[in-house]
There are 2 protein chains.
Amino acid sequence: MITNKNCIIRLSRYKNALYRLQALGFVKVFSDNLADAVGGTASQVRKDFSIFGISGNKKGGYQIDSLLEKLNSILGKDQLQKVIVVGAGHIGSALMRYRGFEKEGIKIVAGFDIDPAKINRSNPTPVLPLEEIKAFVKTNNIRIAILAVPDIAAQQAADMICAAGIKGILNFAPLGLKGAEGCIINNVNVEIELENLIYFVNVTEKTKKA
Amino acid sequence: MITNKNCIIRLSRYKNALYRLQALGFVKVFSDNLADAVGGTASQVRKDFSIFGISGNKKGGYQIDSLLEKLNSILGKDQLQKVIVVGAGHIGSALMRYRGFEKEGIKIVAGFDIDPAKINRSNPTPVLPLEEIKAFVKTNNIRIAILAVPDIAAQQAADMICAAGIKGILNFAPLGLKGAEGCIINNVNVEIELENLIYFVNVTEKTKKA
DNA sequence: ATGTTATTGTGAAAAATGGAACAATATGAT
DNA sequence: ATCATATTGTTCCATTTTTCACAATAACAT
């Protein structure tokens with residue numbers, strides 16, 4: 001099923017909202033509840049579901065548990081996703097320590113760094129020398145890497161990661177990377193998000209004044 | 001100038017790419033160089049510029065330094081942006097220690113937390129009690145906050161931040177927040193980005209097999 | 001001076017996205 | 001059993017975003 005990035009992001013949000021509703025004791029949900037919960041329209045919720053052949057009940061809405069099963073299956077959450085972190089600096093370490101991934105079925109299984117001082121094989125999440133990445137990826141069948149190295153090193157690290165057989169990179173370095181053929185790169189860029197926010201805050205302030 | 005979020009993100013990317021080109025000694029740039037650098041099309045580069053009245057030279061392209069000036073002005077980078085971080089956990093602390101913001105003209109001036117154990121007024125970036133946020137925001141004229149608290153506390157914290165007079169929130173909590181009127185919220189969600197990546201990696205693997 | 005070429009700037013076409021509307025229909029009420 | 005109602009699923013329409021295409025023109029070569 002090929003579709004756009006926004007749609008998949010919405011599916012993630014629906015999923016998260018559904019867990020919250022479930023925790024509150026809800027058993028079924030209507031498209032407009034979900035729309036409210038994630039800030040969209042009911043039409044769009046139904047259309048997103050329809051794209052993936054998810055159907056509810058005329059009157060009666062959607063059964064939360066079965067809906068979650070379907071969304072989780074679409075999002076690949078029916079199996080544990082093993083992820084590595086490349087770069088054990090502030091961001092990389094924070095990600096390795098972040099416990100929120102566990103409940104999402106995402107496990108950071110190792111970190112990698114060039115700096116020998118950062119290596120620590122006895123950590124709960126071991127930090128290994130970058131040279132070992134290819135062997136590790138192969139042995140452990142890793143497909144996803146988080147890249148959190150300084151920008152100057154990012155492209156080189158990305159090339160190395162791609163060569164190691166990684167299929168998807170979540171890039172925290174503040175520059176665009178050229179991915180090797182067959183490797184998808186998504187960017188998380190706090191600076192750019194901040195700049196964006198600043199821009200729109202400025203614009204709305206100006207238009208309010210005018 | 002009102003436009004869409006993606007366009008502004010592209011402007012940030014152009015800007016970053018231009019700094020790299022400048023550092024390499026380039027003085028002028030063509031739309032297709034920039035397109036290459038950020039992974040877009042030359043048409044789009046020119047249209048983005050045209051939206052903001054940025055013009056180059058028929059033949060001869062764009063002068064990098066003047067282009068940077070214009071982009072920086074659009075993006076509000078001609079003045080230092082003071083930002084606060086709410087939540088001094090792993091993510092919040094990593095952001096406070098992250099040195100990459102400085103060269104972008106973004107300064108994290110303080111952190112805030114409810115946990116008294118996290119308070120530290122003598123830090124280079126002090127961590128203050130959450131109760132002081134309103135006074136601090138007012139005194140220091142802060143408009144942007146980064147929200148990095150556990151999801152359970154996020155909506156409450158967001159309400160507090162909005163009430164304190166903040167105009168834009170960069171939300172790291174893994175759920176959608178309802179922003180008060182007049183407060184813009186952008187989300188950075190690593191879990192969702194990872195899920196997204198996993199989805200598209202899965203899809204391309206499947207289509208490759210088929 | 002003239003012609004050629006490279007590159008911009010933009011208007012129009014195309015594609016993608018999102019939203020509204022409504023027919024279909026399951027549920028529950030009478 | 002019939003009717004009224006609520007909610008889905010989908011089609012169609014509007015809007016947004018991207019791409020294409022090419023006229024305009026500045027720089028350069030001859």
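We name chains A, B, ... by the order of the sequence lines, and we start the count at 1 in each one.
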message: When you measure from the side chain of Asn33(A) to the backbone of Phe30(A), do you find a donor-acceptor pair of N or O atoms at a distance under 3.5 Å?
response: yes

- line: Which of dG9(D), dT10(C), dG18(C) is nearest the side chain of Asn4(A)? It is dG18(C)

- request: Take atom CG of Asn57(B) and atom P of dT25(D), then tell me their distance rounded to the nearest Å.
  value: 14 Å

message: Let me spell it out: for each of Tyr62(A) and Asp48(B), pick the nucleotide of DNA chain D with the closest heavy atom. Which residue's pick is nearer the 5' end?
response: Tyr62(A)

task: Give the rounded distance in Å between these two atoms: CD1 of Ile8(A) and C1' of dT17(C).
output: 14 Å

Between dT16(D) (C1') and Lys5(B) (NZ): distance, integer Å: 17 Å

- prompt: Side chains of Ser12(A) and Leu75(A): does their closest heavy-atom pair fall under 4.5 Å?
  reply: yes

task: Indicate yes or no: does Lys77(A) engage Glu191(B) in a salt bridge with an N to O separation below 4.0 Å.
output: no

field: Atom-pair distance (CZ on Arg46(A); P on dC12(D)), nearest Å
entry: 17 Å

- prompt: What nucleic acid atoms does Phe49(B) come within less than 4.0 Å of, heavy atoms only: base, sugar-phosphate, or nothing?
  reply: nothing

field: Atom pair distance, as rounded to whole Å: CD in Gln44(B) and C1' in dA15(C)
entry: 13 Å

field: Lys59(B), nearest nucleotide to its side chain (from dT7(D), dT10(C), dT5(C))
entry: dT5(C)

- prompt: Roughly how many Å is it from CG in Asn6(B) to P in dA16(C), rounded to a whole number?
  reply: 15 Å

- prompt: With side chains defined as the heavy atoms from C-beta onward, is the minimum distance between Tyr199(B) and Thr3(A) less than 4.5 Å?
  reply: yes

task: State whether Lys5(B) and Glu193(A) are salt-bridged, where the test is any N-O pair (Lys NZ or Arg NE/NH1/NH2 against Asp/Glu carboxylate O) under 4.0 Å.
output: yes

statement: In whole angstroms, the gap separating C1' of dT8(D) from CD of Gln63(A) amounts to 15 Å

- request: May I ask you to evaluate whether Thr41(B) reaches the phosphate of dT19(D), defined as a side-chain N or O under 4.0 Å from OP1 or OP2?
  value: yes

- prompt: Once you round it to whole Å, what is the distance between P of dG28(C) and NZ of Lys58(A)?
  reply: 16 Å

query: Under 4.0 angstrom, heavy atoms only, what part of the nucleic acid is Ser43(B) near: base, sugar-phosphate, or nothing?
result: base

- request: Mind checking Asp32(A) for me? I need base, sugar-phosphate or nothing, with any heavy atom below 4.0 Å counting as a touch.
  value: nothing

